[in-house]
Protein chains: 2
Amino acid sequence: MSMKHAVLGLLDLSPLTGYDLKKSFDETVNHFWSGDQAQIYRTLSALVNAGLAEVEVVPQEGRPARKIHHITDAGRAELDRWLTAPAEPAPERSEFLAKLFFSPRLPDDAVADLLSQRRAAATTAWETLRALEAAEGTGTTRAERLRLSTLSNGLAHARAELDWLETMEREFA
Amino acid sequence: MSMKHAVLGLLDLSPLTGYDLKKSFDETVNHFWSGDQAQIYRTLSALVNAGLAEVEVVPQEGRPARKIHHITDAGRAELDRWLTAPAEPAPERSEFLAKLFFSPRLPDDAVADLLSQRRAAATTAWETLRALEAAEGTGTTRAERLRLSTLSNGLAHARAELDWLETMEREFA
DNA sequence: TCGGACTATAGGACCACGCCTATATAGGAC
DNA sequence: GTCCTATATAGGCGTGGTCCTATAGTCCGA
């Protein structure tokens, strides 16, 4: 699991509460990582437990205190260890390809449906990434350009999927 | 979860034991689905429990009896239901993109390492799929061609990844 | 002859993760 | 006036999935 590391990475950019983190996940890194709110809070307390983060409690009126989490030196060390560690092999899993593999037992028009559904999903994904890219601009610093490249990666794959779908629809539709 | 459905799909192609299924997962559908041995056996007994599969016990000498699992009519119905159901949204998760996003805190050569590691992995993936495709041939029936298209999908994405990496290495290496 | 791979099953423990719920207040929409 | 959203936390429950272990015989190569 690298949920822990995703949180550490975000805490390294700036100190955050669990609530802030959930927003960061949804708004900033949603195109390649996501996290349930409950799991984010659990990960945070695990990080504090392990000495990788520290809590600063800021009381508020009328609502629970903000628990601002700061990354520690140990946390930064662990983050760097992860960043430079060789990628652990992640098994591929695609529900769509599984359906496609077993689709021969379906009538032809059902296969066509499967493909057109996939096309709709891929198109939406492409447009979402496009909009994000347009909102972010080109990026001036090296850091910004590296972060933006996660978007261009997603776009490249969405493009590849759409192209592949076109040849598929020509052959099977 | 569609582990259940992946197993049903394979059982629909031919009756199998848990052991056979594990081999099918590793050899046939590994490029888009994988399964732990323990989980396969648990899934099988769940399917039998739910009436979606039936067991035929074939005793053997010197080793445990083969428990050959046959898909039932109810199983085929469930398989069809899944195949035609709209795709449930699967959140994207990429450890590599996460690392890339947080890589700005690393020295430049470490970022280059990250990219070249990824290049190696993508190249291997591409070659593996290529070899599989070469071993399978072009496919004569519609069913064969549909199954083979899961390979061409993988190849398209591997190609896209390699192309993207090339522009990345030109910009950041 | 000894160790390892193959055939075949299955239980136990643990973990990551997702859904649902609870609590408490403020402010805006309808 | 009521309902929804935002702010902020956290526990509980269930499940899908991985790893490790146990059993037990055969067959093959070093």
Side-chain angles (χ1 to χ4, degrees), chain A residues 1-8 10-11 15-27 29-30 32-50 53 55-69 82 88-95 98, chain B residues 1-8 10-11 15-27 29-30 32-50 53 55-69 82 88-95 98:
Chain A
M1 82 117 173
S2 37
M3 183 70 223
K4 192 170 79 171
H5 300 106
V7 170
L8 274 179
L10 288 173
L11 288 187
L16 295 168
T17 67
Y19 191 85
D20 296 334
L21 263 167
K22 176 58 180 155
K23 276 196 292 184
S24 291
F25 269 91
D26 290 348
E27 291 163 18
V29 298
N30 193 44
F32 62 81
W33 207 266
S34 59
D36 175 72
Q37 176 255 32
Q39 200 199 344
I40 287 171
Y41 279 96
R42 260 178 283 150
T43 302
L44 275 176
S45 59
L47 288 177
V48 171
N49 241 318
V55 187
E56 173 199 354
V57 180
V58 179
Q60 294 188 118
E61 292 166 34
R63 62 200 67 198
R66 288 170 62 79
K67 290 187 167 182
I68 304 173
H69 291 74
W82 173 68
E88 39 199 298
E92 294 289 330
R93 282 236 166 162
S94 165
E95 184 160 359
Chain B
M1 82 118 169
S2 36
M3 183 71 224
K4 193 170 77 171
H5 299 106
V7 170
L8 274 179
L10 289 172
L11 288 187
L16 296 166
T17 68
Y19 192 84
D20 295 333
L21 263 168
K22 175 59 180 156
K23 277 196 291 184
S24 291
F25 270 93
D26 290 347
E27 291 163 17
V29 299
N30 193 45
F32 60 81
W33 207 267
S34 59
D36 176 73
Q37 176 255 30
Q39 201 201 343
I40 287 172
Y41 279 96
R42 257 179 287 142
T43 302
L44 275 176
S45 58
L47 289 177
V48 172
N49 242 318
V55 188
E56 172 199 355
V57 180
V58 179
Q60 294 189 120
E61 292 167 33
R63 63 199 64 194
R66 290 170 60 80
K67 291 187 169 181
I68 304 174
H69 291 74
W82 172 68
E88 39 199 297
E92 293 290 329
R93 281 235 167 162
S94 164
E95 183 160 359

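No experiment lies behind these values; they were computed from the predicted model shown. Chain letters run A, B, ... following the sequence lines, proteins first and then strands; every chain starts at 1.
Distance, Tyr19(A) OH to dA10(D) P: 15 Å, rounded to whole Å. Spacing between atom CD1 of Ile40(A) and atom P of dT9(D) amounts to 11 Å, rounded to whole angstrom units. Between the CG atom of Leu44(A) and the P atom of dA8(D) there is a distance of 14 Å, rounded to whole Å. Between the CZ atom of Arg93(B) and the P atom of dG17(D) there is a distance of 14 Å, rounded to whole Å. Between the CZ atom of Phe25(A) and the P atom of dA8(D) there is a distance of 18 Å, rounded to whole Å. The distance from atom CG of Leu47(B) to atom P of dG16(D) is 12 Å, rounded to the nearest whole Å. Regarding Leu21(B), its CG atom lies at a distance of 15 Å from the C1' atom of dT7(C), rounded to whole Å. One can place CG of Asp26(A) at 15 Å from C1' of dA8(D), the figure rounded to the nearest angstrom.
At least one side-chain nitrogen or oxygen of Thr17(A) sits closer than 4.0 Å to the OP1 or OP2 atom of dT9(D). At dA10(D), none of the side-chain N or O atoms of Tyr41(A) fall inside 4.0 Å of OP1 or OP2 (strictly under the cut-off). Residue Lys22(B) places none of its side-chain N or O atoms closer than 4.0 Å to OP1 or OP2 of dT9(C). Distances shorter than 4.0 Å separate none of the side-chain N or O atoms of Gln39(B) from OP1 or OP2 on dG16(D). Put simply, Arg66(B) has no side-chain N or O that comes within less than 4.0 Å of OP1 or OP2 on dT9(C). For dG16(D), neither phosphate oxygen OP1 nor OP2 lies less than 4.0 angstrom from any side-chain nitrogen or oxygen of Lys4(B).
Considering only the side chain of Lys23(B), dT7(C) comes nearest among dT7(C), dT18(D), dT9(D). When the nucleotides dG18(C), dA10(C), dC19(D) are ranked by their closest atom to the side chain of Asp36(B), dC19(D) comes out on top.
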Output, in order, the C-alpha distance, side-chain angles, deciding distance and verdict of side-chain contact (heavy atoms from CB on, under 4.5 Å) for Phe32(B) and Arg93(A).
CA-CA 5 Å; Phe32(B) 60 81; Arg93(A) 282 236 166 162; over 6 Å; no

List the steps, then state whether side-chain contact (heavy atoms from CB on, under 4.5 Å) holds for Thr17(B) with Leu21(B).
CA-CA 6 Å; Thr17(B) 68; Leu21(B) 263 168; over 6 Å; no

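DNA chain C contains the following stems of three or more consecutive Watson-Crick or G-U pairs, with both distances under 3.5 Å: C:1-30 with D:1-30.
Counting only heavy atoms from C-beta outward, the side chains of Trp33(A) and Pro91(B) never approach each other to under 4.5 Å. Residues His69(B) and Lys67(B) are in side-chain contact: their nearest non-hydrogen atoms beyond the backbone lie under 4.5 Å apart. With contacts defined as side-chain heavy-atom distances shorter than 4.5 Å, the pair Lys4(A)/Trp82(A) does not qualify.
Crowding of Glu95(B) atom CD: a count of heavy atoms from other residues, nucleotides or ligands under 6.0 Å exceeding 12.
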Check: protein-nucleotides 11-13 of chain C nitrogen or oxygen pairs below 3.5 Å:
none

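Although no hydrogens or angles enter the test, the distance criterion places a donor-acceptor pair under 3.5 Å between the side chain of Lys22(A) and the main chain of Gly35(A). Within the 3.5 Å criterion, the main-chain N or O of Gln39(B) finds a donor-acceptor partner in the side chain of Thr43(B).
With values rounded to the nearest 0.5 angstrom, Asn49(A) atom CG is found 11.5 Å from Leu44(A) atom CG.
Two residues, Ala65(B) and Thr43(A), neighbour DNA chain C, and the one matched to the more 5' nucleotide by heavy-atom proximity is Ala65(B).
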